[in-house]
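These notes concern the structure reproduced below.
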Amino acid sequence: MLILKRLPAKFYGQNTLKLAQKLLGKYIIRIDKNHKLIGKIVETEAYYGPSDLASHAAKGKTPRTKIMFDQAGLAYIYLIYGMYYCFNIVTERPDFPAAILIRAVEPIAGIPEMLKNRKCHPEHSRRVTRPSHGSTEPALSQTEGLTMTKTLTNGPAKFCQAFKIERKLNGLDLKNSRILYLAENPQEKIKPARISQVKRIGIDYAGPYKHKPWRFYLKDNLFISRE
DNA sequence: CCTGGGATTTTCT
DNA sequence: GAAAATCCCAGGA
């Protein structure tokens with residue numbers, strides 16, 4: 001049985017780069033129209049401070065980026081390429097702009113609903129069977145035996161589509177929201193050796209900051225956006 | 001397997 | 001007016 005506890009407010013007070021790693025293996029829970037969608041975070045990217053040229057906040061506080069300058073634990077959701085959304089968790093103190101982009105999750109529960117939200121029929125996607133985890137992993141009866149699609153949530157915009165995360169949720173406080181929040185399984189620990197730290201994706205415009213190794217992912221997880 | 005281009009609209013210059 | 005923290009599909013090897 002999977003027991004999930006909401007992450008406490010103090011969790012969000014950690015340094016952004018540390019938090020981006022601590023978020024790996026944590027769960028995102030989304031309640032939408034009586035459906036409970038759950039995903040395990042497997043890939044993150046940190047956008048860190050006013051001088052990070054990859055960050056939207058590099059151009060200062062604007063109507064769009066003001067959430068990044070707000071308190072830790074808020075949701076920063078923005079439209080990208082005119083048609084997709086990306087979801088971030090705001091970090092650090094007010095007026096120090098920083099956030100962590102959720103780049104990929106592993107679908108855990110509510111998968112039929114995610115497929116509907118993504119508007120793709122199961123047989124249109126490549127099917128994979130869930131890997132059997134080691135004994136440290138609890139049995140997940142809801143997903144055990146199910147076939148899942150590898151491409152359902154393995155990208156920042158795919159994840160948002162599957163979890164119905166849209167602009168109206170921008171600014172939501174993840175620390176107390178009932179419809180979108182983060183949680184952990186207290187028995188589940190991620191060893192540092194399981195984490196890869198590499199360069200961020202899709203930020204060629206960021207000058208020297210494009211080489212910062214601020215992307216983190218769980219090695220050997222099937223639902224990573226890219227190696 | 002890989003590469004290239006189109007979709008679509010907000011945001012800030 | 002240009003660019004964008006992306007995705008998907010088509011076409012070639």
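Chain letters run A, B, ... following the sequence lines, proteins first and then strands; every chain starts at 1.
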Legend entry - Short side-chain donor-acceptor distance under 3.5 Å, A:K158 and A:N154: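 A donor-acceptor contact under 3.5 Å links the two side chains.
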
Please list each protein N or O that sits under 3.5 Å from an N or O in nucleotides 11-13 of chain B, with the distance.
residue : atom : partner : partner atom : Å
B:dT11  : OP1  : A:R167  : NH1          : 3.2
B:dC12  : OP1  : A:T62   : OG1          : 2.2

Inset, instruction - Kindly give the heavy-atom pair with the smallest separation between A:A57 and A:T65, and that separation in Å. - result: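 Closest pair (atom of A:A57, atom of A:T65, distance): N-CG2, 4.3 Å.
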
Legend entry - Nearest atoms (heavy-atom pairs only) where A:Y27 meets A:E184: CD1-CA, 4.3 Å

Just wondering, do [Y] and [X] contact through their side chains at under 4.5 Å, heavy atoms?
X      : Y      : value
A:Y217 : A:R226 : no
A:Y47  : A:I203 : yes
A:I179 : A:L169 : yes

Inset, instruction - For DNA chain C, determine which residues of residues 45-57 of chain A have any heavy atom closer than 4.0 angstrom to one of its atoms, and list them numerically. - result: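 Residues of residues 45-57 of chain A that come under 4.0 Å of DNA chain C are, in numerical order, A:Y47, A:A54, A:H56.
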
Legend entry - Nearest-nucleotide comparison on DNA chain C, the residue closer to the 5′ end among A:I203 and A:Q161: A:I203

Quick one: list whatever passes salt bridge (charged side-chain N to carboxylate O under 4.0 Å, His left out) with [X], sequence neighbours left out.
X      : result
A:K26  : none
A:E113 : A:K116
A:R215 : A:E43
A:D204 : none

Inset, instruction - Could you work out the separation of C:dA3 and B:dG5 based on their P atoms and round it to a whole Å? - result: 16 Å

Inset, instruction - Select base, sugar-phosphate, or nothing to describe what A:L101 touches, counting heavy atoms under 4.0 Å on all strands. - result: base

Inset, instruction - For A:R103, report the nucleic acid contact type (base, sugar-phosphate, nothing); a contact means any heavy atom under 4.0 Å. - result: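 Here A:R103 touches the backbone only, sparing every base.
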
Legend entry - Contacts of type side chain to side chain donor-acceptor pair (under 3.5 Å), residue A:D70, not counting sequence neighbours: none

Legend entry - Matching residue for A:D52 among A:R200, A:K212, A:K210 - test: salt bridge (charged side-chain N to carboxylate O under 4.0 Å, His left out):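 It is A:R200, the one option of A:R200, A:K212, A:K210 that forms the salt bridge (charged side-chain N to carboxylate O under 4.0 Å, His left out) with A:D52.
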
Legend entry - Bracket notation of DNA chain C in which parentheses pair within the strand, [ ] cross earlier pairs, and | pairs with another strand (Watson-Crick or G-U, under 3.5 Å): ||||.|||||||.

Per-pair distances, 0.1 Å, donor-acceptor, side chain in residues 89-97 of chain A, under 3.5 Å, sequence neighbours excluded:
residue : atom : partner : partner atom : Å
A:T91   : OG1  : A:T16   : OG1          : 2.7
A:E92   : OE2  : A:T16   : N            : 2.8
A:E92   : OE2  : A:T16   : OG1          : 2.7

Inset, instruction - Could you check which residues of residues 78-86 of chain A get a heavy atom under 4.0 Å from DNA chain B? Sort them by number, please. - result: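 Contacts with DNA chain B under 4.0 Å: A:L79, A:Y81, A:G82, A:M83.
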
Inset, instruction - Assess A:R30 against A:F163: is NZ or CZ under 6.0 Å from the centre of the six-membered ring, and within 45 degrees of the ring's axis? - result: no

Inset, instruction - Walk along DNA chain C from 5' to 3' and tell me the first and last nucleotide with an atom closer than 4.0 Å to a non-hydrogen atom of chain A. - result: C:dA4 to C:dC8

Inset, instruction - State which residues pass side-chain contact (heavy atoms from CB on, under 4.5 Å) with A:K199; sequence neighbours excluded, sorted by chain then number. - result: A:H211

